[in-house]
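In what follows, a single structure is set out as structure tokens and then discussed.
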Amino acid sequence: MKLIIAIIKPFKLDEVREALSEVGVQGMTAVEAKGFGRQKGQTEVYRGAEYATNMVPKIRIETVVSDDLAPRVVETIAAAANTESIGDGKIFTLDVGAALRIRTGETDETAL
Amino acid sequence: MKLIIAIIKPFKLDEVREALSEVGVQGMTAVEAKGFGRQKGQTEVYRGAEYATNMVPKIRIETVVSDDLAPRVVETIAAAANTESIGDGKIFTLDVGAALRIRTGETDETAL
Amino acid sequence: MKLIIAIIKPFKLDEVREALSEVGVQGMTAVEAKGFGRQKGQTEVYRGAEYATNMVPKIRIETVVSDDLAPRVVETIAAAANTESIGDGKIFTLDVGAALRIRTGETDETAL
Amino acid sequence: MNKFTIPAIGFAALALAEPAFAQEAAEAAAEAVDPASVVSGGTAYILNTLLFMIGGFLVMWMAAGFAMLEAGLVRSKNVSMQCLKNIGLYSTAGIMFWVTGYNLMYTDVASWIGTFGPYAMQGVGEADLDTGYSVASDWFFQMVFCATTASIVSGTIAERVKIWPFLIFVVVLTGFIYPITGSWEWGAGWLDQRGFSDFAGSTLVHSVGGWAALAGALIIGPRLGRYADGKVNVFPGSSIPLATLGTFILWLGWFGFNGASQLAMGTITDVSDVSKIFVNTNMAAAAGVVVAIAMTQLLYKKIDITMALNGALAGLVAITAEPLTPSVPMALLIGGIGGAIVVFAVPMLDKLKIDDVVGAIPVHLLAGIWGTMIVPLTNSDATYGVQALGVVSIGAFAFAASAVVWFALKLTIGVRPTEEIEMGGMDHAEVGVEAYPEFARA
Amino acid sequence: MNKFTIPAIGFAALALAEPAFAQEAAEAAAEAVDPASVVSGGTAYILNTLLFMIGGFLVMWMAAGFAMLEAGLVRSKNVSMQCLKNIGLYSTAGIMFWVTGYNLMYTDVASWIGTFGPYAMQGVGEADLDTGYSVASDWFFQMVFCATTASIVSGTIAERVKIWPFLIFVVVLTGFIYPITGSWEWGAGWLDQRGFSDFAGSTLVHSVGGWAALAGALIIGPRLGRYADGKVNVFPGSSIPLATLGTFILWLGWFGFNGASQLAMGTITDVSDVSKIFVNTNMAAAAGVVVAIAMTQLLYKKIDITMALNGALAGLVAITAEPLTPSVPMALLIGGIGGAIVVFAVPMLDKLKIDDVVGAIPVHLLAGIWGTMIVPLTNSDATYGVQALGVVSIGAFAFAASAVVWFALKLTIGVRPTEEIEMGGMDHAEVGVEAYPEFARA
Amino acid sequence: MNKFTIPAIGFAALALAEPAFAQEAAEAAAEAVDPASVVSGGTAYILNTLLFMIGGFLVMWMAAGFAMLEAGLVRSKNVSMQCLKNIGLYSTAGIMFWVTGYNLMYTDVASWIGTFGPYAMQGVGEADLDTGYSVASDWFFQMVFCATTASIVSGTIAERVKIWPFLIFVVVLTGFIYPITGSWEWGAGWLDQRGFSDFAGSTLVHSVGGWAALAGALIIGPRLGRYADGKVNVFPGSSIPLATLGTFILWLGWFGFNGASQLAMGTITDVSDVSKIFVNTNMAAAAGVVVAIAMTQLLYKKIDITMALNGALAGLVAITAEPLTPSVPMALLIGGIGGAIVVFAVPMLDKLKIDDVVGAIPVHLLAGIWGTMIVPLTNSDATYGVQALGVVSIGAFAFAASAVVWFALKLTIGVRPTEEIEMGGMDHAEVGVEAYPEFARA
Ligand SMILES: Nc1ncnc2c1ncn2[C@@H]1O[C@H](COP(=O)(O)OP(=O)(O)O)[C@@H](O)[C@H]1O
Ligand SMILES: Nc1ncnc2c1ncn2[C@@H]1O[C@H](COP(=O)(O)OP(=O)(O)O)[C@@H](O)[C@H]1O
Ligand SMILES: Nc1ncnc2c1ncn2[C@@H]1O[C@H](COP(=O)(O)OP(=O)(O)O)[C@@H](O)[C@H]1O
């Protein structure tokens, strides 16, 4: 199984979620995040003083999927989250050793 | 060492934390999350318009433990977080290459 | 590539971010977290009743970097986040199978 | 009453025994200042002025109510902007009502419009005894009504209008549109001569604001993604307690809005009527809440607090056209139906793809029309025909004039920000100050 | 001016030279309307009515204060519900006080209860000169007191009571329980005849609300997990600034609550006494704050702001039974002890496993008893025995009647939501609208 | 009571027919002796007292305004502390103004200071007819002004001062510093004799508070990291809607602040002037907002809402020295320049490394000086020389005395918390209650 971590633009969450459901992803978890990368955040003025908002709001989603589904999932997220503008984000893939569904005790693939 | 990621129901956090301490887990980190899976969220009505809250509030905890402790930890979380109702969540196990305690510079197992 | 997860004290975020930029880290993602470890949180009194805040506010940062850069990154974070006081946090290193830059489709090292 | 001996007061009492309309204030109060009784005249003058001042600061406070209601019902990325618009519009309205508003509305009104130019405020120690109250207190009281009209607009078209076009619209609305329609009735213009009856402004204030908001909503269009792919997307408000606070503030302010519209408290009769107005105003709001609570429970199995809040306001708007003559049961009926209107109209607007962020159109426009049309039921001086004439004529002008301004703005400087800015929130792009910079969004 | 006849006011002034207690209002005002001076009578009538209206809108504003205080002290998952309960209870109280409340409390009170049925509100232009004030203004002023009683209850039993049983309880409390005990004293019933003294309602309003809340807390039980496995679990309030705002609103409203309870301002003496009441009211609240601050610092090494806020309110409640006769040092003493009561009683209630979310029992019930019992210290017309009689008799009835209603509700439609719903928050289950939908919970 | 000599007040009525300035009130009322009429006298007494009471509760409400403004502009880790300081300072001020303040300021002022000791509040039913109003109402009105001065300080030095040193400073400020400088002018002391003119306190209240704040800011130093490594680090306020609410509350309160400073409403002239003051007060605030909006747009391409809010307050402070004599255009000018001062001064203070969290120094000190110096432009009774004398002498004393106290506190119990505590926030360390415990920080 693979753990796929994607950092995306907040307003893309719904589209990504729907796209994932369509390709058969059974579940995912999202977290509010802030990030920096190429996109550096902008300089604002507050009460006459300039300041840089170094980090930009992002959503970090993670989903664990079977090895064979993983590539589809990466493509799907990439397609759904792409706005062709800086700050679109990243997708990382990691190996998962084991998975367990708390409710039923089912493990690994069946647990996803 | 293993990184154990568990997605649980928010109100289960305290129980899980206490259970983990008992089995000798030295530390853990929790993050506010939203997720979807079997449990789909409900439809609400706001000002006469229906809408689906697709994602459900969850807590994402992660703890890094020694390989031998890992199974115990997974069981413990599963036991503590289980309510036998949909949405109880998942537990994932990943390999961790290295660990470091910032304060002391201790590494790996001793850093946990 | 390595995924480096660091749990640090919230007010250290800026220093860590700047230090990482200096050693050439191209991007990172931060999340608000609460944790427990050696540092146990303190007991407060609210309306005459004592209660323990078991978990302490932390920031969880993650950054994916090339294998060779990884050690530097770990050192850098450790140096920047260290206050020599309990609760400074941990740094974990995991292997990353693949990386993708959503905007351009670049993969792996070039995507970071 | 008739047992009442001292001529002066008794006289004034009778003079104001029937609901006093703006234009009548002068004569009425003038009578009150019967040479036969300087003292009672002096005291009456002071008390009338005091009523305007108390009513005035209560209605001024409503500006804060709208600000909080709207800050609570928009998404957090637009909250700073909404606060800015509200303090900006109140300030603009105050200045414009002096620059042109008051004179267009009240000075030598030639049937459908008054005189152009700034108002000559009274000097130090000056007092115009003929009016029976300080003209400055009257100006202040009328000014806050004008500002209320503008507050109504900001809520409907929130989250998608740039600050400058919005403020320019407020300039025209408070400097020209509101005063002109106002002159027809409260300025003793043609509608008043026909016998139109709108005690405190269900039509003159609330519907006019509602029409301006509707014109804006139609021309500006809905918020991005609000009605995407055929379904209504919900954008929940960011803070229910702020919206609740705003509603309570408005409710409080309304005692000044309706009560001081009696325009005099220098006689036993007037002050008694003001008291009665307080009671009816409160009853109508209460009924609006109760009806909205009951209906949302029945329709949706849950009680939508935002509907209950709108229900209170709809009840208040509905009773505003005639808060004096209704009996308590009538006040409950009038306000309760106001609440019902909100519960039905809010989703209806969504069906029509009219995006009204805070529900100002159901609350101020529709409940305002309802309140105006039902006046004859309790006030025999009014007729359904003339009430309809007023609703339609004022509505037509307010809507048309507002539409022209919105169009002009759209074609010139543009009203909406870019899609990207709207997605990111106006606070970021135009205010540069986040409303809640420290709080993570879920 | 010189036409004016001296005796009138001087006479009225003397007539009201002694502090006027609720039940005396009628007679007192009657005297004020000395046939020898219709004008002064007219002016007095207007000023008395104005006092009721100003006091009335200030006390109405307290409804917003309770709403904000409670919204700030409950957990965010129940904030929308708390807002809904507060606007719902204020609306319900207003209607019920007309349906049955006012007449039960004030009309032809036969020793322990008045007359059943809706109140016949005054008609347009009507004025009952015998009372010396507009009856509508009096009705409005009394109504907001009734609503205050209900507001007290909502805070104690927050976060665990379904909306409908709550509103039904409010119907009975404001329509029957409060008016009945009220009639005993302010309705000139048996307690008044015994010489019980409760100027603005430490017992009649605050303790009655407190008893109703206590009965509810006992019968409904604590919030889930509040006293789990032997220890007190803390559920911190979601917004301290809202709680602070609520307290300031209540403090402001209290000037109307106590000040206008002088019931007249038509004479030099009355208005001077109202001023003195303002001072004492403020002093008592200030002392409550200072004592709570000092004590929490000493006891806990930190200053619990929520205790300081409760301290202000306890000081206000304590002075409410007699805000006129105390000297400033006495007012400070009375209010300061009120603050001390809060600091001691809040943890005590936890020991007894009585879950009072906002501290309404210490603030309104205990400080109310304290304030009522200490009246004789500064007011020689009152005796400790009769004060105790009033506290006990009113308390017994209010508690018993409330308990019956809560039990009936528990056995019939049920008062509490399911455990799962309570864990998830009432906003989700009953309101369907989150208070802060965008903010992540830590 | 029986000493009641009819003539007294009627003359007051006439005497106050000219605009009354603060310091004249006493004499004016004293001179009052026309053998004409009691009743009008009685009525005037009641109306004057009523003005003080209404003005008083409106200014009391400003304490809530400061609390919300400051709670909104500090970081969330210090919000509970800011709320605590605000309710604590208002309570402390009220007590100290009774203990020493009032007498030092108003009783037998020997040129630069009054009498030491607590104020003997009027007894039940007592009325001092010579004054023409209830002394208790006057005390209440003056007390809330004193509290306002303290509120100003808390904002500037927020987020870095421990609670106890802060409250001790408030004790000295409200019990001694403010009353002493106040006595020079409103106590009819030496400055008043020189003809200094400060109608409602641009200098006596706002600048004094501003000087105390400035002394504190200089001695205490900026917040940790505020001016680290040569650049200004921005700490955005935690809640813009709360800051906006606070500003609207202050705006509302200001009608009482300036309006009731007319000190009388018992004559047609007085009440007319109060009305005019309402208008000018509102106009100045509106201009402050508009200018701040326009300037931030031009300077920064975005409209900083916090500057717009400060602009409103600066306009209000600027008009406070003379809200009566300006024409509307003059009021707009005076207020507008107040707004401009804020936009320029806020960043200037940062350059000087003076850390003023809420902008109280530009708003209250600088706009207060501006308002005081410009009085002669519209009021021929004032001269630039004497105005400057007043600004300088009062400023010198207030600044020096405050500096001494801050130094003494610094050297004794210490003013600041440890660095670690300041980093972690005062709520955690001194209050023990988080303002928003449930919300995650981004
Ligand atoms: N190496 C990295 N490790 C972790 N997160 C990253 C990394 N690089 C970028 N991110 C996340 O992805 C977001 C977008 O990346 P950025 O470089 O700004 O845009 P783009 O991917 O279009 O070049 C960043 O804000 C950050 O949250
Ligand atoms: N494949 C997955 N990857 C990541 N998170 C998941 C995955 N499946 C479920 N989750 C998380 O677990 C939560 C509970 O899963 P769900 O399927 O709803 O309940 P259950 O596990 O009882 O069937 C989801 O809300 C989501 O946050
Ligand atoms: N084994 C672990 N797994 C995950 N997170 C941990 C682990 N141990 C500690 N942490 C995180 O690191 C933070 C600091 O650790 P702690 O033990 O308190 O301080 P120190 O590392 O200085 O001993 C904790 O609050 C927790 O968030």
Side-chain angles (χ1 to χ4, degrees), chain E residues 1-2 4-6 8-10 13 17-19 40 43 47 54 58 75-76 236 238-241 244-245 247-249 252 255 259 265 267-269 271-276 278-279 282-283 285-287 289-290 293 300 302-306 308-309 312 324-325 327-328 332 439-442, chain F residues 1 4 6 10 36-40 42-43 45-46 49-50 52-54 56-57 60-61 63-64 67-68 71 79-80 83-84 86-88 90-92 94-95 98 118-119 121-122 124-127 129 134 136-137 139-140 143 163 239 242 430-441:
Chain E
M1 292 222 149
N2 25 21
F4 224 81
T5 51
I6 310 329
I9 281 253
E18 348 29 298
S40 80
T43 306
L47 291 167
I54 294 174
L58 286 174
R75 290 165 295 176
S76 55
S238 52
S239 174
I240 295 303
T244 305
L245 173 64
T247 304
F248 271 114
I249 291 174
L252 170 61
F255 294 112
M265 129 175 123
T267 69
I268 287 183
T269 324
V271 82
S272 302
D273 286 349
V274 175
S275 310
K276 188 168 196 293
F278 270 46
V279 172
N282 197 72
M283 283 298 183
V289 170
V290 169
I293 285 178
Y300 307 123
K302 294 184 182 184
I303 299 170
D304 185 335
I305 169 87
T306 68
L309 300 177
L324 177 58
T325 56
S327 62
V328 169
L332 290 168
F439 300 116
R441 304 290 180 284
Chain F
M1 247 359 258
F4 192 136
I6 305 335
S37 66
V38 191
V39 172
S40 80
T43 306
Y45 178 102
I46 294 170
T49 301
L50 179 60
F52 279 133
M53 293 194 293
I54 293 174
F57 74 63
M60 173 273 166
W61 184 223
M68 292 301 106
V79 168
S80 293
C83 291
L84 176 62
N86 274 278
I87 198 159
Y90 177 75
S91 303
T92 306
I95 295 172
W98 169 74
Y119 178 66
M121 196 61 62
Q122 86 198 6
V124 178
E126 283 176 23
L129 295 173
S134 159
S137 68
W139 183 89
F140 181 69
M143 179 274 290
I163 182 74
S239 173
L242 285 186
E430 294 212 316
V431 185
V433 178
E434 272 184 62
Y436 307 101
E438 296 181 51
F439 301 115
R441 304 290 180 283

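In the text below, chain A, chain B and the rest are named by the order of the sequence lines, each starting its count at 1.
Annotation: maximal heavy-atom pairing with chain E below 4.5 Å, among F/Gly88, F/Gly432, F/Ala136, F/Ala71, occurs at F/Ala136. Per-residue heavy-atom pair counts under 4.5 Å with chain E were compared for F/Val431, F/Leu50, F/Ile95, and the maximum is reached by F/Val431. Interface summary for chain F: among E/Ile293, E/Leu58, E/Val289, E/Leu252, the most heavy-atom pairs under 4.5 angstrom belong to E/Leu252. Looking only at heavy-atom pairs under 4.5 Å with chain E, the residue among F/Asn86, F/Thr49, F/Ile87 that has the most is F/Ile87. For the set E/Lys276, E/Arg75, E/Met283, the count of heavy-atom pairs under 4.5 angstrom toward chain F peaks at E/Lys276.
Under the side-chain hydrogen bond (donor to acceptor under 3.5 Å, both in side chains) criterion, E/Thr306 pairs with C/Arg47, E/Asp304, sequence neighbours left out. In this structure, the ring pair (Phe, Tyr, Trp, His ring centres under 6.0 Å) partners of E/Phe278, at least two apart in sequence or on a different chain, are E/Phe255, F/Phe140.
The shortest distance between side-chain heavy atoms of F/Met121 and E/Ser327 does not fall below 4.5 Å. Side-chain contact between F/Trp61 and E/Ile249: present, with at least one pair of heavy atoms (C-beta onward) separated by less than 4.5 Å.
For E/Leu47, the part sitting under 4.5 Å from any heavy atom of chain F is the side chain, from C-beta outward, and nothing else. Contact annotation for F/Tyr90: only side-chain heavy atoms (C-beta onward) come within less than 4.5 Å of a heavy atom of chain E. In this structure, the portion of E/Ile54 lying under 4.5 Å from any heavy atom of chain F is its side chain and not its backbone. Using a 4.5 Å cut-off between heavy atoms, E/Ser239 touches chain F through backbone and side chain atoms alike.
A side-chain donor-acceptor contact under 3.5 Å links F/Ser80 to the backbone of F/Val433.
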E/Ser272/F/Tyr45 under side chain to side chain donor-acceptor pair (under 3.5 Å): CA gap, chis, key distance, verdict = CA-CA 9 Å; E/Ser272 302; F/Tyr45 178 102; 2.8 Å; yes

